[in-house]
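Since the structure comes first, as structure tokens, the remarks are kept for the end.
Treat the numbers as computed from the prediction; the structure is a model and nothing was measured. All residue numbers refer to positions in the sequence shown, counting from 1.
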Amino acid sequence: MKTIQKEIKEASLTNNCPECFSNEGLLLTFYQKHIESAWYINATKEITDKIVCGNCNTTIYPVRWTEDIERVREFYAKTVENPKTYFKLTRLSIFMMLAIVGIAIAVFIFLRSNNSI
């Protein structure tokens, strides 16, 4: 099972970076969690975010956020629309279900023909 974070929104911030103190280069990105396996693909409601400074190439973790960064992040979090969730079966699972149904029908017909003799 593979978990993928797909980008749903990106915004550049003009706040100062807590690491290099540059006021250009902060990038806030929101991601939606997708779970993929051989049997299904599921897009969940779970949304995560990440702030990265483009100048010093550092991920800014919540411990280092200033009050201004927190306020701006909350504002952008409100503007993110609820992403669409879905659950899709893969071709493998559809073929397996069809095979099981076909085998069940064949067994039923075989047992039915043996009882009528």
Side-chain angles (χ1 to χ4, degrees):
M1 191 175 321
K2 184 169 57 169
T3 302
I4 299 173
Q5 299 289 339
K6 292 199 178 178
E7 182 181 314
I8 56 174
K9 185 170 185 164
E10 187 174 83
S12 59
L13 308 179
T14 57
N15 298 67
N16 290 336
C17 172
E19 297 294 324
C20 68
F21 304 106
S22 171
N23 64 351
E24 297 175 0
L26 282 183
L27 192 64
L28 171 63
T29 310
F30 291 94
Y31 300 96
Q32 180 184 21
K33 181 179 179 182
H34 290 252
I35 301 171
E36 295 182 5
S37 74
W39 300 101
Y40 66 90
I41 300 171
N42 185 16
T44 65
K45 283 188 170 185
E46 186 177 327
I47 297 175
T48 58
D49 56 62
K50 182 178 182 181
I51 298 177
V52 177
C53 179
N55 291 334
C56 60
N57 295 324
T58 306
T59 301
I60 311 300
Y61 295 102
V63 175
R64 300 282 295 154
W65 291 356
T66 62
E67 290 181 24
D68 294 335
I69 292 175
E70 286 184 32
R71 271 186 260 140
V72 171
R73 185 219 163 260
E74 288 299 320
F75 169 76
Y76 280 111
K78 289 177 185 176
T79 63
V80 172
E81 298 173 5
N82 286 334
K84 292 188 178 187
T85 60
Y86 58 85
F87 181 86
K88 291 183 183 178
L89 296 175
T90 61
R91 289 182 181 172
L92 174 66
S93 60
I94 291 172
F95 288 140
M96 288 298 289
M97 283 193 272
L98 290 175
I100 290 170
V101 169
I103 291 171
I105 291 172
V107 168
F108 178 75
I109 291 173
F110 177 74
L111 292 176
R112 189 96 164 141
S113 67
N114 283 344
N115 288 340
S116 64
I117 295 180

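To the nearest 0.5 Å, the span separating CG on Asp49 from NZ on Lys9 amounts to 12.5 Å. Expressed to the nearest 0.5 Å, how far CZ of Phe30 lies from CD1 of Ile47 amounts to 8.0 Å. Note: Ser12 OG to Glu24 CD = 10.0 Å, rounded to the nearest 0.5 Å. Here the CG-CG distance, from Asn15 to Asn23, works out to 9.0 Å after rounding to the nearest 0.5 Å. Residue Asn42 holds its CG atom at 9.5 Å from CE of Met1, rounded to the nearest 0.5 Å. One finds the CD1 atom of Ile100 at 12.5 Å from the CD1 atom of Ile105 (value rounded to the nearest 0.5 Å).
The closest side-chain heavy-atom distance from His34 to Tyr86 is below 4.5 Å. By the 4.5 Å heavy-atom criterion applied to side chains, Lys33 and Thr3 are counted as neighbours. Looking at Thr58 and Cys20, their side chains never come closer than 4.5 Å, going by heavy atoms from C-beta outward. Put simply, the side chain of Val80 does not reach to within 4.5 Å of the side chain of Tyr76, judged on heavy atoms. Considering only heavy atoms from C-beta on, Cys17 comes within 4.5 Å of Cys56 through its side chain. Looking at Ile41 and Thr90, their side chains come closer than 4.5 Å, going by heavy atoms from C-beta outward.
Under a hydrophobic-cluster definition in which Ile, Leu, Val, Met, Phe, Trp and Tyr are linked whenever side-chain heavy atoms come within less than 4.5 Å, directly or via other members, Val72 and Tyr31 are assigned to different clusters. Criterion: ILVMFWY side-chain heavy atoms under 4.5 Å apart, direct or through other members. Under it, Trp39 and Ile4 are not part of a common hydrophobic cluster.
Residue pairs meeting the salt bridge (charged side-chain N to carboxylate O under 4.0 Å, His left out) criterion with at least one member in residues 74-94, sequence neighbours excluded, do not occur.
In the displayed structure, Met97 atom CE is contacted under 6.0 Å by more than 12 heavy atoms of other residues, nucleotides or ligands. Environment of CZ in Phe110: sparse, with no more than 12 heavy atoms of neighbouring residues, nucleotides or ligands closer than 6.0 Å.
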inquiry  = side chain to side chain contact (heavy atoms under 4.5 Å, CB included), that's the test. Do Leu26 and Leu28 meet it? Break it down for me.
reply    = CA-CA 7 Å; Leu26 282 183; Leu28 171 63; over 6 Å; no

_side chain to side chain contact (heavy atoms under 4.5 Å, CB included) for Thr59 and Lys50? Distances and angles first, verdict last._
CA-CA 7 Å; Thr59 301; Lys50 182 178 182 181; 3.8 Å; yes

Stepwise side chain to side chain contact (heavy atoms under 4.5 Å, CB included) check, Ile51 with Tyr61: CA-CA 7 Å; Ile51 298 177; Tyr61 295 102; over 6 Å; no

*asked:* Show, in sequence, the C-alpha distance, side-chain angles and deciding distance for Glu19 and Arg64, and conclude whether the side chain to side chain contact (heavy atoms under 4.5 Å, CB included) test is met.
replied: CA-CA 9 Å; Glu19 297 294 324; Arg64 300 282 295 154; 2.9 Å; yes

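In this structure, a donor-acceptor pair under 3.5 Å is present between the side chains of Thr48 and Gln5.
A search for side chain to side chain contact (heavy atoms under 4.5 Å, CB included) contacts involving Ile94 returns Leu89, Leu98, not counting sequence neighbours.
Phe21 and Asn16 make their closest contact through O-OD1, 4.0 Å (heavy atoms, listed as atom of the first residue, atom of the second, distance). Considering every non-hydrogen atom in both Thr85 and Ala43, the closest pair reads CB-O, 3.2 Å. Here the closest non-hydrogen pair linking Glu70 and Trp65 is CG-CE3, 3.8 Å. Between Pro18 and Ile60 the shortest heavy-atom distance is CG-CG2, 3.7 Å.
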